[in-house]
Amino acid sequence: MSIYDSLNKEQKKAVCHTEGPLLILAGAGSGKTRVLTHRIAYLIEEMGVKPWNILAITFTNKAAKEMRERVDRLVEYGSDQIWVSTFHSMCVRILRRYIDRIGFGTDFSIYDTDDQKTVIKAVMKRLNVDPKQFKERSLMSAISSAKDELISVREYELDAQYDYTKKVIAQVYREYQETLQSNNALDFDDIIVKTVELFHRCPEVLDSYQERFQYIMVDEYQDTNTAQFELIRLLALKYRNLCVVGDDDQSIYKFRGANIRNILDFEKYFEEAAVIKLEQNYRSSQTILDAANAVISNNKGRKDKALWTERGAESKIHLRQFDSAYEEADFIADDVAHKVRREGLSYKDCAILYRTNAQSRVLEERMIYEGIPYNVVGGTNFYSRAEVKDILAYLKTIDNGRDEMAVRRIVNIPKRGIGNATLDKLSAKAQEMSFTLYDVMEIADELSGLGKSCAKVRPFVELIESFREKAERMTVAELIQEIIHRIDYEEYLKDNDSDSAEDRMENVNELISKAVIFQKQNEEATLTDFLAEVALVADIDNVEAGDDRLLLMTLHAAKGLEFPHVYIAGMEDNIFPSSMSIYSNNEEDIEEERRLAYVGITRAMQDLTLTYARSRMLRGETQYNPVSRFVREIPQQLLDSTLPAPRRSMEDRRMAEEMFGIPSREIDPPSGFDYRPKATVKPKITVQADKPFIAKGIGSLNQIAGISRGMSTQPETGVDYAIGDRVKHIKFGEGIVTGMTKEPRDYKVTVEFDQAGTKIMYASFAKLKRV
DNA sequence: TTTTACTTCGTTTTT
DNA sequence: CGAAGTAAAA
């Protein structure tokens, strides 16, 4: 019996088709990861392909890690020799070796979105671009899409000649690229673009990688953009053993430049390509698949396919309407609690999905209220938190003095009396001498015309120099510790805001732990490597399977995951599909949202619950939205409750009145529009200045719950009650503690409530008070 | 130069 | 409604 016997006929075909281009159209839940891992195993074990000649590209680090582990279980040896990597980390790896051939230093920095924004702003100022007329946001996305499409500055300029707006964008684009180059920095898009440029300009480098990667596999192929396609096209050009796996129905990253034509036209680019469809679904019940198929069938221009399963209909899709988002959240919390406490389900079997990150707040508040342990995926990335970025900026400055962004960030942290005025003077001087900002600072006291403020620069330079010297013989973790000690970072945080200082320090410590772990896993790794690693982690990468927690995330973040019980909240027009897509009047935008709906529905294995609210607060305004059109696209017999009659617009009503003289029935707004939660739990620390980060999302919930973040990594020791004590719960009232069990990072407490009966809850969530 | 108070602005989704 | 940016004050 071989490992391939467990595959179905189509899967087997895909695994054994090893030579030449191959397109695998893999529907949701059709076992595409299985196919990919088995295919790699087959190449090694049956075809005698050397592991180091195989390249597998995934979308996230998490997927890469999973794939490597699964391959490792299938093959005898060599799984560590395969390149399993994301586009970005693969390109960084290549560029670290060869980017000096196209005018960058191999110790380049990587700029995240915040850094980009800062650069754009500075550029706009320098070029006198009117911020009223041009939003930095749109400039950024214009530049980003140009890069995704591999349009160079020069090409953009040529195209812009007769268009004022484009001309301005072209100017900003040029200046932006020049700034990045002089900072020896690349943004996310550049990481791909520069690799393509390297391959074009240095055929011998390309050739060496073509020889190296004789068998290439790309996962989530529908999400690739033009630049990424060009990259893999070049790599595969010589041996043409390119296998791409994707599902056009799950293409949801158009806004990020994903080019759906890459998958729809694959057979045009590679004429000899074989196409295999995987349509048998191993994940969901028939009912869920029927709903998904019904919704997605409203899209035009898709590859023809339909999912099927051997499973039965099982339970219907639950549909619930509420008066407000509070009630919606209340219902979901109760429903999850019920399933866990009465039906023996685990929290980790459930997920709540929503369209926008902003929707997580109300849900989070309710989960705390109900005592449900949860994690939020997404929101603000751990590495974009101010305190983490401060420390990283120190590291970047030490590592790459040309990174002006980093230098500017930390030059006055802690306060050294070096403000914008001084910095601008130094910066101008730097420009004039074509030095970097840091170079000028080093020689500041020898320069004339800088005034007395330059005396303050000296100690800063000396500090950095001493760090550089120490960095030679220290680990990254030790270096961070040295930095926070020398600049007394804790004191700085306390001066700024004593309330949050402790939490922030906790994040810094978390960063130190990450550095320790990183260096343990990569013994040869340098500071540069650590900074690159840190720049390329995504939120989803931090979701660990171990914790028994309910997951909250956007529909986008949910792609590739599955859960027995899925809730999709906010099923309303203007929320989902988003108002942007509705008002754009472009059917393609709605189709993209519909694919998102398809992704959401197909995450569910057994049970799917769709909820919507008649009123919802948005930007301080109450909106009344009709139920999502996607819900209406689900056949009624699959739903467990009936939909309200389609709401008629005011015009329709007026017309009906005029034509028939009948006053139309009042449907909206609903009765309960002023609904307030019975007793809102006011988070002690609200989600503001300090928007929760993810770092597995734990930080966020602790912060909302008013619990020190320290508990996210260490078990709580300080509960002030024990078995036999009388305690009070915010919702269930008073009761007696009848049991306590210690869990790795928490206590599980059993309480017999006077009114509400016996409940089992986590101590850190229940916030029980001794009475 | 830094802090504070007021205004404005806007919200999709993110490697 | 909340964050972020700007103008004025210390």
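Lettering follows sequence order; numbering is per chain, from 1.
Only one option out of Glu588(A), Arg594(A), Glu587(A) pairs with Asn299(A) in a side chain to side chain donor-acceptor pair (under 3.5 Å); it is Arg594(A).
Going from atom CE of Met617(A) over to atom C1' of dG2(C) covers 11 Å, rounded to whole Å. Taking atom CZ on Arg616(A) and atom P on dC1(C), their separation rounds to 17 Å, with Å as the unit. One atom, CE of Met124(A), and another, C1' of dG5(C), lie 13 Å apart when rounded to the nearest Å. Atoms NZ (Lys62(A)) and P (dT14(B)) sit 15 Å apart, rounded to a whole Å. Look at CG on Asp114(A): it is 13 Å from C1' on dT14(B), rounded to the nearest Å. Whole-Å rounding puts the Asp148(A) CG to dT14(B) P distance at 16 Å. When the P atom of dG10(B) is taken as reference, atom CD of Glu136(A) falls 11 Å away, rounded to whole Å. Nucleotide dT15(B) holds its C1' atom 14 Å from the CD atom of Gln222(A), rounded to whole Å.
Between Arg256(A) and Asp148(A) there is no salt bridge, since no side-chain nitrogen of the basic residue lies less than 4.0 Å from a carboxylate oxygen of the acidic one. Using a cutoff of 4.0 Å between basic side-chain nitrogens and carboxylate oxygens, Arg233(A) and Glu230(A) are scored as salt-bridged. Remark: Asp390(A) does not engage Arg504(A) in a salt bridge, criterion side-chain N to carboxylate O under 4.0 Å. Salt-bridge check for Arg361(A) with Glu365(A): passed, with a basic side-chain N closer than 4.0 Å to an acidic carboxylate O. Look at Glu593(A) and Arg355(A) and you find a salt bridge, because one of the NZ, NE, NH1 or NH2 atoms lies within 4.0 Å of a carboxylate O, short of that distance. Between Asp323(A) and Arg614(A) there is a salt bridge, since at least one side-chain N of the basic residue sits less than 4.0 Å from a carboxylate O of the acidic one. Salt-bridge annotation for Glu136(A) and Lys125(A): absent, with no side-chain N of the basic residue lying under 4.0 Å from a carboxylate O of the acidic one.
Distance from the side chain of Phe188(A) is smallest to dT15(B) among dC9(B), dT15(B), dG5(C).
Residue-level contact check: Phe576(A) touches neither bases nor backbone, having no heavy atom under 4.0 Å from any strand. Nucleic acid contact class of Lys117(A) (heavy atoms, under 4.0 Å, all strands): none. Lys121(A) comes within contact range of the sugar-phosphate backbone alone, with a heavy-atom separation under 4.0 Å but no base atom that close.
Applying the Watson-Crick and G-U wobble criteria (two distances, each under 3.5 Å), dT11(B) pairs with nothing in any strand. Base pairing annotation: dA10(C) forms a Watson-Crick or G-U wobble pair with dT1(B), both donor-acceptor distances under 3.5 Å.
Spacing between dG5(C) and dT12(B) at atom C1', rounded to whole Å, works out to 23 Å.
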For this session: Evaluate side-chain contact (heavy atoms from CB on, under 4.5 Å) for Val218(A) paired with Gln228(A), printing each intermediate quantity in order.
Result: CA-CA 10 Å; Val218(A) 183; Gln228(A) 288 163 333; over 6 Å; no
Polar atoms only, N or O, under 3.5 Å: list the protein pairs with nucleotides 11-13 of chain B and their distances.
unit_1	atom_1	unit_2	atom_2	d
dT12(B)	O2	Arg355(A)	NH1	2.3
dT12(B)	O2	Arg355(A)	NH2	2.2
dT13(B)	OP1	Asn357(A)	N	3.0
dT13(B)	O4'	Arg355(A)	NH2	3.4
dT13(B)	O2	Arg355(A)	NH2	2.6
dT13(B)	O2	His556(A)	NE2	3.4

Could you list the protein-to-nucleotides 2-7 of chain B atom pairs, N/O on both sides, closer than 3.5 Å?
unit_1	atom_1	unit_2	atom_2	d
dT2(B)	OP1	Asn412(A)	ND2	3.2

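Within the model, atoms CZ of Phe108(A) and CD1 of Ile191(A) stand 6.5 Å from one another, a figure rounded to the nearest 0.5 Å.
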